[in-house]
Amino acid sequence: MKLEGKVAIVTGAGGAGVGGLGVVYAHALASEGAAVVVADIDGDAASRIAGEIADNGTHAIGVRCDVTSGDDLDDMVRAATEAFGGVDILVNNAGLARGKWSEALILSAEEWMEILAVNTVAPIMCAKACHETMRSRGGGVIVNQSSNGALIDAGAYTVSKLALNGVTKVLADEFSNDNIRVNGIAPGVMTAKLPEEQVQRLLARQTVRRPGQPKDLVGLLVFLCSDESSFMNGQTVVIDGGMARITK
């Protein structure tokens, strides 16, 4: 129980994301003893996932949260504090991916602002919203959900995630005096719900010839959230079956 007594927020954990990654993250942190705040723009989905976690004997609540809304972020942190006393861990998992976000020049200015708001700016605002409660509890951990898309060509998504890697470095520096560490996870493409032809093209770029699954990221997530990674800060770790070694 590496996270016993800790309180974790996982954004985008209602299940609509690629492969249900936020759901897997929320369950994984709960299984290590953390009380979990399941946050999602779909409040009903967040409550449902929190109920599943609670049924397994761990404390959890669901909160509706649009990560681009300052008021929603304040409400999310307030709910965590009222239910569990504060926040120790923030997993910035909410994001926009695939589809039109793999394009660049076809996007309008408004669409560019949308993906940057969710994938790049929102993690900063979430971190700021949690900063004071983490500081008051003696420190904390923030994990930003990046992507190997930051290292290959994936349109606006590449831009947003490459910028997020920079955010991770900046926050690690600015929060260091308050004992708050900030790291990132950069997975490859989770192949759930992709056409078989596309899956095979992706596998051909990997050195590990199998599809990636959310469970492949759990060990790293728990490591980053626990004291085992206490000497690690400002890093984004790629875990993608070897795909990112190819830049084109």
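We number each residue from 1, following the sequence as shown.
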How many angstroms lie between [atom1] in [X] and [atom2] in [Y], if you round to the nearest 0.5 Å?
X      : Y      : atom1 : atom2 : result
Asn119 : Leu162 : CG    : CG    : 12.5 Å
Ile180 : Asp88  : CD1   : CG    : 10.0 Å
Asn144 : Thr120 : CG    : OG1   : 10.0 Å
Thr11  : Gln145 : OG1   : CD    : 9.0 Å
Ile185 : Asn93  : CD1   : CG    : 9.0 Å
Met1   : Lys6   : CE    : NZ    : 13.5 Å

Does [X] share a hydrophobic cluster with [Y], counting links as ILVMFWY side-chain heavy atoms below 4.5 Å and allowing steps through other members?
X      : Y      : answer
Val7   : Leu3   : no
Val23  : Ile41  : no
Leu164 : Val91  : no
Met125 : Ile89  : no
Leu29  : Leu220 : yes

Please confirm whether the backbone N or O of [Y] pairs with a side-chain atom of [X], one donor and one acceptor, at under 3.5 Å?
X      : Y      : result
Arg181 : Ser229 : yes
Glu111 : Ser108 : yes
Asn183 : Leu224 : no
Asn148 : Ala186 : no
Thr133 : Val87  : yes
Asp227 : Ser230 : no
Gln213 : Lys215 : no
Asn179 : Gly139 : no
Ser160 : Leu116 : no
Asn233 : Val182 : yes

Does the side chain to side chain contact (heavy atoms under 4.5 Å, CB included) test come out yes or no for Glu32 and Ser226, once each step is laid out? CA-CA 10 Å; Glu32 291 291 342; Ser226 73; over 6 Å; no
Residue pair [X] / [Y]: nearest heavy atoms and the distance that separates them:
X      : Y      : value
Gly140 : Met134 : CA-SD, 4.1 Å
Cys130 : Val77  : SG-CG2, 3.9 Å
Val38  : Ala26  : CG2-CB, 4.3 Å
Ala34  : Ala8   : CB-CB, 4.4 Å
Arg205 : Arg209 : N-NH1, 4.1 Å
Val37  : Ala80  : CG2-CB, 3.6 Å

Decide yes or no on side chain to side chain contact (heavy atoms under 4.5 Å, CB included) for Val67 and Asp72, but give the supporting numbers first. CA-CA 7 Å; Val67 292; Asp72 280 10; over 6 Å; no
List the residues meeting ring pair (Phe, Tyr, Trp, His ring centres under 6.0 Å) with His131, not counting sequence neighbours, and say none if there are none.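 Checked His131 against ring pair (Phe, Tyr, Trp, His ring centres under 6.0 Å); matches are Phe175.
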Evaluate Tyr25 against Val143 for side chain to side chain contact (heavy atoms under 4.5 Å, CB included), listing each step before the verdict. CA-CA 11 Å; Tyr25 278 177; Val143 178; over 6 Å; no
Side-chain donor-acceptor pairs of residues 43-58 under 3.5 Å, sequence neighbours excluded:
| residue | atom | partner | partner atom | Å |
| --- | --- | --- | --- | --- |
| Ser47 | OG | Gly43 | O | 3.2 |
| Glu52 | OE1 | His27 | NE2 | 3.4 |
| Asn56 | ND2 | Glu52 | O | 3.4 |

More than 12 foreign heavy atoms under 6.0 Å from CE of Met232: is that the case here?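 For Met232, atom CE is crowded (more than 12 foreign heavy atoms under 6.0 Å).
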Under the side chain to side chain contact (heavy atoms under 4.5 Å, CB included) criterion, do Leu171 and Lys128 qualify, and how do the steps go? CA-CA 9 Å; Leu171 292 180; Lys128 288 182 64 176; 5.9 Å; no
Quick one, Arg64 with Asp42, criterion salt bridge (Lys or Arg N to Asp or Glu O under 4.0 Å). Give me CA distance, side-chain angles, the key distance, then yes/no. CA-CA 6 Å; Arg64 184 199 175 279; Asp42 184 339; over 6 Å; no
Which residue pairs pass the ring pair (Phe, Tyr, Trp, His ring centres under 6.0 Å) test when at least one of the two sits in residues 49-80, sequence neighbours left out?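 Applying ring pair (Phe, Tyr, Trp, His ring centres under 6.0 Å) to every pair that reaches into residues 49-80, excluding sequence neighbours, yields nothing.
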May I have the step-by-step check of salt bridge (Lys or Arg N to Asp or Glu O under 4.0 Å) for Arg201 and Glu197, ending in yes or no? CA-CA 6 Å; Arg201 287 201 304 270; Glu197 180 181 352; 3.4 Å; yes
Would you mind telling me which of Thr168, Asn165, Asn92 makes a side chain to side chain donor-acceptor pair (under 3.5 Å) with Ser146?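 Going through Thr168, Asn165, Asn92 one by one, the side chain to side chain donor-acceptor pair (under 3.5 Å) with Ser146 is satisfied by Asn165 alone.
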Do we see a donor-acceptor contact under 3.5 Å between the side chains of Glu103 and Tyr157?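 No, because no side-chain N or O of Glu103 sits under 3.5 Å from a partner of the opposite role on Tyr157.
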Is there a side-chain contact between Cys65 and Leu73, using heavy atoms and a 4.5 Å cut-off?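 The answer is yes, as the side chains (C-beta and beyond) meet within the 4.5 Å cut-off.
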Could you give me the CA-CA distance, side-chain angles and deciding distance for Asp66 and Thr68, then say whether side chain to side chain donor-acceptor pair (under 3.5 Å) is met? CA-CA 5 Å; Asp66 177 348; Thr68 67; 2.7 Å; yes
